Novice: 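Below you'll find the structure I mean.
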2 protein chains.
Amino acid sequence: MADVYHHGNLRQALIDAGIKIINDYGEESLSLRKAAAMCNVSHAAPYAHFKDKEELIEAIKNDVTERFMQELESAVEGGASADEAIIAMGRTYVTFFSKNPVYFVFLFGKQNIKAHLKMDKEYKNDYPPFLLLRRMYLKHLEENGLEKTFEEQEIELIKIWSIVHGMASIACMKGVKSSIDWNDIDERLLV
Amino acid sequence: MADVYHHGNLRQALIDAGIKIINDYGEESLSLRKAAAMCNVSHAAPYAHFKDKEELIEAIKNDVTERFMQELESAVEGGASADEAIIAMGRTYVTFFSKNPVYFVFLFGKQNIKAHLKMDKEYKNDYPPFLLLRRMYLKHLEENGLEKTFEEQEIELIKIWSIVHGMASIACMKGVKSSIDWNDIDERLLV
DNA sequence: CCTTAAACTTGACAATGTAAAGATTGCATA
DNA sequence: TATGCAATCTTTACATTGTCAAGTTTAAGG
């Protein structure tokens, strides 16, 4: 079909194609066959690299999350104190999804809800952005000489994340007038 | 196919069937044909009541939103002051989705993002729960003799909503340890 | 050179959304 | 009451899609 029988790096090419489709036409337009076509391979070729459509989506999700994490990390590096870092992180968090609403649904939609259908995985706080936030939060406690129980920490972390994540969510939602400047988040909210 | 040619109330029956499918098997299992089968009508019968699958989904969404609003409203009625009402509303908001994670994604997923693809509708703050919150918020301002510009109001509203909506979102997410009691939300967060 | 496993193709099938054409029904109205 | 019409529903058909099975090509190593 193409010049070469072996594509060379079909796996990554499919991920890239998938991202392009999602960006251009939305998540529901993503199909294995379209992605395959964009890579000039047959419709069944993806199955050499992904067990099913689910696995491609998972791979794309990882790819997007990585880019997201890069922005977050470079935001965190900018701040001198932990407090500044956390605020910068919140700003970046909201801005990233405000600029890419499609990614928000893609990352936090469907597959990411607690499916009371199939409880296959253990729930654990291993979401990379959350780990980063926790690291900064602990640094914040240390810098300010604060002592909190694990329980208290957990709750405060969830609170912070709720605000930021909620803002991102709302920034992405239809029906929300954009009179809010998502780049100018009130700092008092964040620590 | 069935006893009677005219079903009687196929429209609502399809909505109910759709909700049942979503609850039992998840959103991605929802298909017009299955819903039709559950109502003992042919696979094309739904097209007499809905333009396409999209329109059925929209109808289901309205149905769920209505139930959600009922819970919110009865929560609001319980509170003596506006402040209490807002807190009760926040609690209900989080609890509702904590109990029905599937609904969260269903209501706020896919179709509800700002699709930079087709900007068909004007963005407006007409989401019923938001309207209720605004009403309570204005009452709160009045009761406490506070004066705010429209801009300030808008921002504060978004903040409150962010926290609550964010908590709901996180409560629904995989990867989040449920050491948090989503029924015991710290009141200091909410006003 | 030959074997083998990975990467890819072709062909098939079932599920789905949807369009078109026709059948059935209830109901208003002449 | 009879008739016509619009709403409701069925049947048929087709394109898209996920997925499987069987076969083909290729690279790479013994």
Side-chain angles (χ1 to χ4, degrees), chain A residues 1-61 102 105-106 109-111 115 117-118 120, chain B residues 1-61 106 109-111 115 117-118 120:
Chain A
M1 197 161 184
D3 301 329
V4 285
Y5 199 94
H6 278 77
H7 180 284
N9 197 1
L10 182 56
R11 198 192 133 89
Q12 188 58 45
L14 285 169
I15 292 175
D16 294 343
I19 290 180
K20 181 154 178 50
I21 292 173
I22 288 172
N23 263 313
D24 292 355
Y25 305 101
E27 186 180 356
E28 52 262 55
S29 296
L30 173 60
S31 80
L32 283 178
R33 290 171 104 108
K34 268 184 221 146
M38 284 174 69
C39 298
N40 294 313
V41 293
S42 79
H43 63 263
Y47 284 87
H49 301 274
F50 304 100
K51 193 178 118 273
D52 52 16
K53 188 183 181 183
E54 202 52 39
E55 236 181 56
L56 171 61
I57 290 177
E58 208 59 40
I60 295 177
K61 213 171 277 183
V102 173
V105 173
F106 183 62
K110 280 197 296 211
Q111 273 74 37
L117 318 161
K118 33 175 184 169
D120 46 355
Chain B
M1 196 163 184
D3 301 326
V4 287
Y5 198 92
H6 277 78
H7 180 284
N9 196 1
L10 183 56
R11 197 191 132 89
Q12 188 58 45
L14 285 169
I15 292 175
D16 294 342
I19 290 181
K20 180 154 178 50
I21 292 173
I22 289 172
N23 264 312
D24 292 354
Y25 306 102
E27 186 179 356
E28 52 260 57
S29 295
L30 174 60
S31 80
L32 283 178
R33 292 172 105 108
K34 268 184 222 150
M38 284 175 69
C39 298
N40 293 314
V41 293
S42 79
H43 63 263
Y47 285 87
H49 302 273
F50 304 100
K51 196 177 114 274
D52 52 15
K53 187 183 181 184
E54 202 52 39
E55 235 181 55
L56 171 61
I57 290 177
E58 209 60 39
I60 296 177
K61 213 171 276 183
F106 184 61
K110 280 196 298 214
Q111 273 73 37
L117 318 159
K118 32 175 182 174
D120 44 356

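Letters A, B, ... are given to chains in the order of the sequence lines, protein chains preceding strands, and every chain is numbered from 1. What you see is a predicted model, and the numbers here were worked out from it, not measured in a lab.
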Novice: Which one, dT19(D), dT10(C), dT11(D), comes nearest to the side chain of S42(A)?
Specialist: dT10(C)

Novice: Could you state the atom-to-atom distance from CG of L14(A) to P of dG18(D) in whole Å?
Specialist: 12 Å

Novice: Checking contacts here: which listed nucleotide (dT19(D), dC8(C), dG17(C)) is nearest the side-chain heavy atoms of A48(A)?
Specialist: dC8(C)

Novice: Specify the separation, in whole Å, of atom CD of E28(B) and atom P of dG17(C).
Specialist: 13 Å

Novice: In whole angstroms, how far is the P atom of dT16(D) from the CG atom of D52(B)?
Specialist: 18 Å

Novice: Would you indicate whether the side-chain heavy atoms of L32(B) and F50(B) approach each other to under 4.5 Å?
Specialist: no

Novice: To the nearest Å, how far apart are N9(A) CG and dA27(D) C1'?
Specialist: 16 Å

Novice: Any sub-3.5 Å donor-acceptor pair from D52(A)'s side-chain atoms to E55(A)'s backbone N or O?
Specialist: yes

Novice: Tell me the interatomic distance from N40(B), atom CG, to dT8(D), atom P, rounded to whole angstroms.
Specialist: 19 Å

Novice: When you measure from the side-chain N and O atoms of K34(B) to the phosphate of dT16(C), is any distance below 4.0 Å, counting only OP1 and OP2?
Specialist: yes

Novice: If I compare all heavy atoms of S31(B) with all of K53(B), which pair ends up nearest, and what's the gap?
Specialist: CA-CE, 4.4 Å

Novice: From L14(A) CG over to N9(A) CG, what is the distance, rounded to the nearest 0.5 angstrom?
Specialist: 9.5 Å

Novice: Consider the side chain of H43(B), meaning its heavy atoms from C-beta on, and name the nucleotide among dT19(D), dT8(D), dT12(D) that approaches it most closely.
Specialist: dT12(D)

Novice: Rounded off to whole Å, could you give me the CZ-to-P distance for the F50(B) and dC9(D) pair?
Specialist: 11 Å

Novice: How long is the straight-line distance from CG of D24(B) back to OG of S29(B), given to the nearest 0.5 Å?
Specialist: 9.5 Å

Novice: Is there a side-chain polar atom (N or O) of H49(B) under 4.0 Å from OP1 or OP2 of dA7(D)?
Specialist: no

Novice: Return the value, rounded to whole Å, for the distance between atom CG of L32(B) and atom P of dT10(D).
Specialist: 14 Å

Novice: With no angle test and no hydrogens, is the base of dT18(C) tied to the side chain of R33(B) by a donor-acceptor pair under 3.5 Å?
Specialist: yes

Novice: Using whole Å, what does the distance between atom P of nucleotide dT17(D) and atom OH of Y47(A) come to?
Specialist: 12 Å

Novice: Which one, dT19(D), dT10(D), dT18(C), comes nearest to the side chain of A45(B)?
Specialist: dT10(D)

Novice: How do A44(B) and P46(A) order along DNA chain C: which one's closest nucleotide is nearer the 5' end?
Specialist: P46(A)

